[in-house]
A.B. asks: 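Dumping the structure here so I can ask a few things about it.
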Amino acid sequence: MIDLKQLQKDFDGISKKLMRKGVDEKLLEKVKEKFEELKEAKAAYEKLQAAQNAMSKEFGIYKREGKDISELKARVDANKIKITQALEVQREKQEELETLAMAIPNIPDDDVPDGEDEADNVEIKKVLTPREFSFTPKEHWELAEQNGWIDFERGVKLACSRFSVAYDMGAKLERALINFMLNYNAKKGFTEVSVPHIVNRKALEGTGQLPKFEDDLYKIEGQDLYLIPTAEVPLTNLFQDEILPADKLPFKMTGYTSCYRKEAGAAGRDTRGIIRQHQFHKVELVCITKPEESDIIFDEMVATASEILTALELPHRLVTLCTGDLGFGAAKTVDIEVWLPGQNTYREISSISNTRDFQARRAKIRFKNGKKNELVHTLNGSALAVGRTMVAIMENFQNEDGSIHIPKALEPYMGM
RNA sequence: GGAUCUUUGGCAGAGUUGGUCGAAUGCACCGGUCUUGAAAACCGGCGAGGGUCAUACCUCCCAGGGUUCGAAUCCCUGAGGGUCCA
């Protein structure tokens, strides 16, 4: 949620920034208007309430003194009807405003480049040089099948398409990667947290997945519960509705969960292999910080994710997302793309975002800054997506006969 | 699953014949006096959100609904916790 007071105060400035992200100025004008209407409705309602409270007090006095109350009662009853009406108006305005305002994305940082889509993202740097192959490298799904690591058919049999099963070294590699990543993150000062994979609506609203992206979530039938699309949701919402002591910040957390996504709107994309699954494993980083330190922490998170890839000897590059590719809640995002020789391209393996106070405002996560309560900044990023890391290892470490060797850093984790 | 009790400010804990309770008290915390410094003692301050230049004012005593002119206090529903029974 953007700051509506700020929008009211500096409409031109804010709307200019949001228009870079393709937000319709008319929508913003409407929001501003509704916000003002709500304020008026609130003031009117509160005035009536004040009158009611005052009369109720008189009532007590009248009674004690044995005065006649019939005239007062008539006044009070009349006022009561007005209150009910005023409350109704206020509720309506509130709801209208919320529906509109919740649909507005975060304001992009000034240094986020303009652009339409991922083609306009800006490369920051490349890390490690892709290896030269003396043969034509295969794609991961072919290698996975050949080595007996991943079984696509039986995943479909158990659930539906976009599910798979891992066996033997494939399963082991998955587990090894999770442990390796969690340990690496812990070494960099991120506290390991194990969270529920099912959360309620409020949590998803707090981080911005709802109400806009309901179609992409698995909902538990008959309950106000959803499977998490990312550990970002439970980790960030841990502190929902709390006022944190300033000296405890920043909270730097890491957690491993499965992630569950319907992938609505991704029909036909990445149907081969495990690039895009309904259920996938991910190790996540989430930080809760004071506003002034969020940029530094952001860099730390990017560095950590990149270092993991370097430790795994996987060539990758960092790109800054342009305004058009920026997610709903992010003010700034750096993607890390890993080199896939089989596909002969870089593919996203991590996405690190600073949401500034956008999620904090929705989730009401604040800290005590001296006397005042202030919104924190929340940041999240993958370090890393496990399935895609497996894909990268398979493709980068393949031999001509289709066998795959394991990066040195993982050997202790593979029982080798 | 059944019965019963319980849910208050950072914590502990009053308040349940409905009005003067946003809420006693203790601890913690902050400021001051005293002290070489600290502790103790004493004095003062100390929940949150909205609103205002600042007041005023409004809202919040687990959540939602109801009774009433008026509810932390009464009623209903739900959630969490305790105890007993099965």
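In what follows, chains are A, B, ... by sequence order, proteins preceding strands, each numbered from 1.
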A.B. asks: Can you list everything that forms a side chain to side chain donor-acceptor pair (under 3.5 Å) with Lys172(A)? Sequence neighbours excluded, please.
C.D. replies: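 Side chain to side chain donor-acceptor pair (under 3.5 Å) check on Lys172(A) returns nothing, list empty.
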A.B. asks: Taking atom P in both A72(B) and C21(B), what distance in whole Å separates the two?
C.D. replies: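 It comes out at 12 Å once rounded to the nearest Å.
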A.B. asks: On RNA chain B, does the nearest nucleotide to Tyr45(A) precede the nearest nucleotide to Ser56(A) from the 5' side, or the other way round? Give the residue.
C.D. replies: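 So the residue in question is Ser56(A).
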A.B. asks: Given atom CD of Gln52(A) and atom C1' of U68(B), what is their separation to the nearest angstrom?
C.D. replies: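 One finds 11 Å between C1' of U68(B) and CD of Gln52(A), rounded.
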A.B. asks: Do Thr378(A) and Thr355(A) get their side chains close enough for a donor-acceptor pair, meaning under 3.5 Å?
C.D. replies: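 A pair is found: one side chain offers a donor N or O, the other an acceptor, under 3.5 Å apart.
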A.B. asks: With a 6.0 Å cut-off (strictly less than), is the heavy-atom count around CD of Glu29(A), excluding the residue itself, greater than 12?
C.D. replies: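 Count over threshold, so yes.
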A.B. asks: Does Glu116(A) CD have over 12 foreign heavy atoms under 6.0 Å away?
C.D. replies: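 Result for CD/Glu116(A): open.
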A.B. asks: Expressed in whole Å, how much space separates the P atoms belonging to A40(B) and A28(B)?
C.D. replies: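 These two P atoms come out 8 Å apart once rounded.
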A.B. asks: Considering only the P atoms, how many Å lie between G50(B) and G45(B), rounded to the nearest integer?
C.D. replies: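 Straight-line distance between the two P atoms is 25 Å.
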A.B. asks: Can you check each nucleotide of nucleotides 50-55 of chain B against protein heavy atoms at under 4.0 Å and return B for base, S for sugar-phosphate only, - for none, in 5' to 3' order?
C.D. replies: BSS---
A.B. asks: Say we look at U77(B) and C5(B): how far apart would their P atoms be, to the nearest angstrom?
C.D. replies: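 The answer is 13 Å between these two P atoms.
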A.B. asks: Examine A79(B): is either OP1 or OP2 under 4.0 Å from a nitrogen or oxygen in the side chain of Asn200(A)? Give yes or no.
C.D. replies: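 Looking at the OP1 and OP2 atoms of A79(B), neither is under 4.0 Å from any side-chain N or O of Asn200(A).
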A.B. asks: Is the closest side-chain donor-acceptor distance between Asp335(A) and Ser351(A) under 3.5 Å?
C.D. replies: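 Looking only at side-chain atoms, Ser351(A) and Asp335(A) do form a donor-acceptor pair, the distance falling under 3.5 Å.
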A.B. asks: Using atom CE of Met55(A) as one end and atom P of U68(B) as the other, report the distance to the nearest whole Å.
C.D. replies: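 In whole Å, U68(B) P and Met55(A) CE are 17 Å from each other.
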A.B. asks: Can you pull out the residues from residues 78-91 of chain A that lie within a 4.0 Å heavy-atom distance of RNA chain B?
C.D. replies: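 Going residue by residue through residues 78-91 of chain A, the ones with a heavy atom under 4.0 Å of RNA chain B turn out to be Lys80(A), Arg91(A).
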A.B. asks: With rounding to whole Å, what would you report as the distance between G80(B) and C27(B) at their C1' atoms?
C.D. replies: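 It works out to 26 Å between them.
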A.B. asks: For G19(B), does either OP1 or OP2 sit under 4.0 Å from a side-chain N or O belonging to Lys57(A)?
C.D. replies: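 Result: no.
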A.B. asks: Can you tell me how far the CD atom of Glu313(A) sits from the CG atom of Leu128(A), to the nearest 0.5 Å?
C.D. replies: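 Output value for this atom pair is 8.5 Å.
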A.B. asks: Here's a test of your reading of the structure: between Asp77(A) and Asn53(A), which maps to the more 5' nucleotide of RNA chain B?
C.D. replies: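 By nearest-heavy-atom nucleotide position, the 5'-most residue is Asn53(A).
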A.B. asks: Answer with yes or no whether the side chains of Gln209(A) and Thr207(A) bring together a donor and an acceptor at under 3.5 Å.
C.D. replies: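 Yes, side-chain donor-acceptor contact under 3.5 Å.
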A.B. asks: What's the gap between C75(B) and U7(B) when it is taken at their P atoms, as a whole Å value?
C.D. replies: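 It works out to 13 Å between them.
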A.B. asks: Please give, in whole Å, the distance from U20(B) P to Phe59(A) CZ?
C.D. replies: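 Between P of U20(B) and CZ of Phe59(A): 15 Å.
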A.B. asks: Measure CD/Glu374(A) against C1'/A48(B) and give the value in whole Å, please.
C.D. replies: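 So the CD-C1' distance, Glu374(A) to A48(B), works out to 16 Å.
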A.B. asks: With a 3.5 angstrom cut-off on both distances, give the Watson-Crick or G-U wobble partner of A56(B), or none if there isn't one.
C.D. replies: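 None - no nucleotide pairs with A56(B), as no candidate has both distances under 3.5 Å.
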A.B. asks: Considering every strand shown, what is the Watson-Crick or G-U wobble mate of A38(B) when both distances are under 3.5 Å?
C.D. replies: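 A38(B) is paired with nothing.
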A.B. asks: Enter the distance from Glu284(A):CD to Thr254(A):OG1 here, rounded to the nearest 0.5 Å.
C.D. replies: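 It comes to 8.0 Å.
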A.B. asks: Applying the side chain to side chain donor-acceptor pair (under 3.5 Å) test to Glu337(A), which of Arg388(A), Lys126(A), His316(A), Arg317(A) qualifies?
C.D. replies: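 The residue from Arg388(A), Lys126(A), His316(A), Arg317(A) that satisfies side chain to side chain donor-acceptor pair (under 3.5 Å) with Glu337(A) turns out to be Arg317(A).
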A.B. asks: Does any nucleotide pair with A86(B) by Watson-Crick or G-U wobble geometry, both distances under 3.5 Å, and what is it?
C.D. replies: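 Across all strands, not a single nucleotide pairs with A86(B).
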A.B. asks: Check Asp109(A), Asp3(A), Asp110(A), Asp10(A) against Lys17(A) for a salt bridge (Lys or Arg N to Asp or Glu O under 4.0 Å) and give me the one that passes.
C.D. replies: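 Result: among Asp109(A), Asp3(A), Asp110(A), Asp10(A), Asp110(A) is the only option passing the salt bridge (Lys or Arg N to Asp or Glu O under 4.0 Å) with Lys17(A).
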A.B. asks: Taking atom C1' of U68(B) as reference, at what distance in whole Å does atom OH of Tyr62(A) sit?
C.D. replies: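 About 19 Å, once rounded to whole Å.
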A.B. asks: Paired with C46(B): which nucleotide, if any, by Watson-Crick or G-U wobble criteria at under 3.5 Å for both distances?
C.D. replies: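 Result: none.
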A.B. asks: I need the CG-P distance between Leu48(A) and C69(B), as an integer number of Å.
C.D. replies: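 Taking CG of Leu48(A) and P of C69(B), I get 17 Å after rounding.
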A.B. asks: Provide the distance between the two C1' atoms, one in A79(B) and one in U55(B), to the nearest whole Å.
C.D. replies: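 One C1' to the other, the span is 40 Å.
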A.B. asks: Taking only the P atom of each, what is the distance from U20(B) to G70(B) in whole angstrom?
C.D. replies: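 Rounded to whole Å, the distance is 14 Å.
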A.B. asks: Could you tell me how far apart Arg366(A) (CZ) and G47(B) (P) are, to the nearest whole angstrom?
C.D. replies: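 For the pair Arg366(A) CZ and G47(B) P, the rounded distance is 15 Å.
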A.B. asks: Taking the side chain as C-beta and beyond, is there a heavy-atom pair between Tyr346(A) and Val319(A) under 4.5 Å?
C.D. replies: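 The answer is no; the side chains never approach within 4.5 Å.
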A.B. asks: To the nearest Å, give me how far apart NZ (Lys202(A)) and P (G78(B)) are.
C.D. replies: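 Value for this atom pair: 21 Å.
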A.B. asks: Could you please name the partner base of A72(B), counting Watson-Crick and G-U wobble pairs only when both distances are under 3.5 Å?
C.D. replies: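 A72(B) is unpaired by these criteria.
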